[in-house]
Amino acid sequence: MSGKHITRRSLADIRQGRTDWSKVDARSDQEVEHDVAADPDAAPVLDAEWFANAQLVQPEPKVPISIRLDREVLDWFKGQGTGYQSRINAVLQAYVKAHRKAG
């Protein structure tokens, strides 16, 4: 491996980052609100009314089972990284939703 493509940084360099915090601190609330309103990717600002009407929704707990899968199927899902069981569940969930609409 060639050393010319390796960039060395100290821990202090990594923690410092590129953010100019003095510029951030100097901005007014109105400037920040304007920029948030102009950003199409920004989430809407949540007000007190939203929080007063919000409801906490807990997901249904998953049911532990034992299932037999082809080795090829299991190896493929495991090969995608951690969370393979959740991905298998998501695929099965999509299958169920598709077939409920069709039938």
Side-chain angles (χ1 to χ4, degrees):
M1 189 185 306
S2 172
K4 67 180 179 181
H5 296 293
I6 297 174
T7 302
R8 299 198 187 276
R9 295 184 181 203
S10 70
L11 190 55
D13 291 340
I14 294 170
R15 288 191 177 152
Q16 185 175 358
R18 296 182 187 167
T19 303
D20 184 349
W21 291 107
S22 61
K23 276 187 174 181
V24 173
D25 292 337
R27 300 199 61 204
S28 69
D29 287 347
Q30 289 90 357
E31 290 173 311
V32 173
E33 288 173 6
H34 174 267
D35 289 347
V36 168
D39 185 352
D41 296 327
V45 177
L46 304 178
D47 57 9
E49 180 184 350
W50 186 91
F51 282 101
N53 294 320
Q55 295 179 359
L56 177 62
V57 178
Q58 297 287 347
E60 289 285 327
K62 293 183 178 170
V63 180
I65 64 162
S66 176
I67 186 172
R68 294 175 185 268
L69 301 172
D70 292 338
R71 170 66 54 198
E72 180 183 12
V73 171
L74 183 60
D75 288 346
W76 187 87
F77 276 97
K78 280 187 169 183
Q80 305 306 303
T82 58
Y84 72 94
Q85 291 175 328
S86 295
R87 280 191 299 281
I88 292 171
N89 186 68
V91 169
L92 293 172
Q93 206 170 49
Y95 180 89
V96 168
K97 286 180 183 177
H99 285 79
R100 276 191 181 147
K101 291 178 184 176

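The figures here come from the full heavy-atom set of this structure, side chains too, leaving out hydrogens, waters and symmetry mates. Throughout, numbering of the chain's residues begins at 1 and tracks the sequence.
Environment of CD in Glu49: sparse, with no more than 12 heavy atoms of neighbouring residues, nucleotides or ligands closer than 6.0 Å. In this structure, Glu72 places its CD atom where only 12 or fewer heavy-atom neighbours from other residues, nucleotides or ligands lie under 6.0 Å away.
When atom types are taken as modelled, the side chain of Arg87 and the backbone of Thr82 share a donor-acceptor pair closer than 3.5 angstrom.
Residues Tyr84 and Leu74 are in side-chain contact: their nearest non-hydrogen atoms beyond the backbone lie under 4.5 Å apart. Counting only heavy atoms from C-beta outward, the side chains of Phe77 and Val91 approach each other to under 4.5 Å. In this structure, the side chains of Ile88 and Leu69 come closer than 4.5 Å at one or more pairs of heavy atoms.
Pairing each heavy atom of Arg27 with each of Val32, the nearest pair is NH2-N, 4.0 Å.
Between Lys97 atom NZ and His99 atom NE2 the span is 14.5 Å, to the nearest 0.5 Å. Rounding to the nearest 0.5 Å gives a distance of 12.0 Å between CG of Asp70 and CZ of Arg68.
Residues Val63 and Ile67 share a hydrophobic cluster, clusters being chains of Ile/Leu/Val/Met/Phe/Trp/Tyr side chains in contact below 4.5 Å.
With sequence neighbours left out, the salt bridge (charged side-chain N to carboxylate O under 4.0 Å, His left out) criterion links Arg71 to Asp75.
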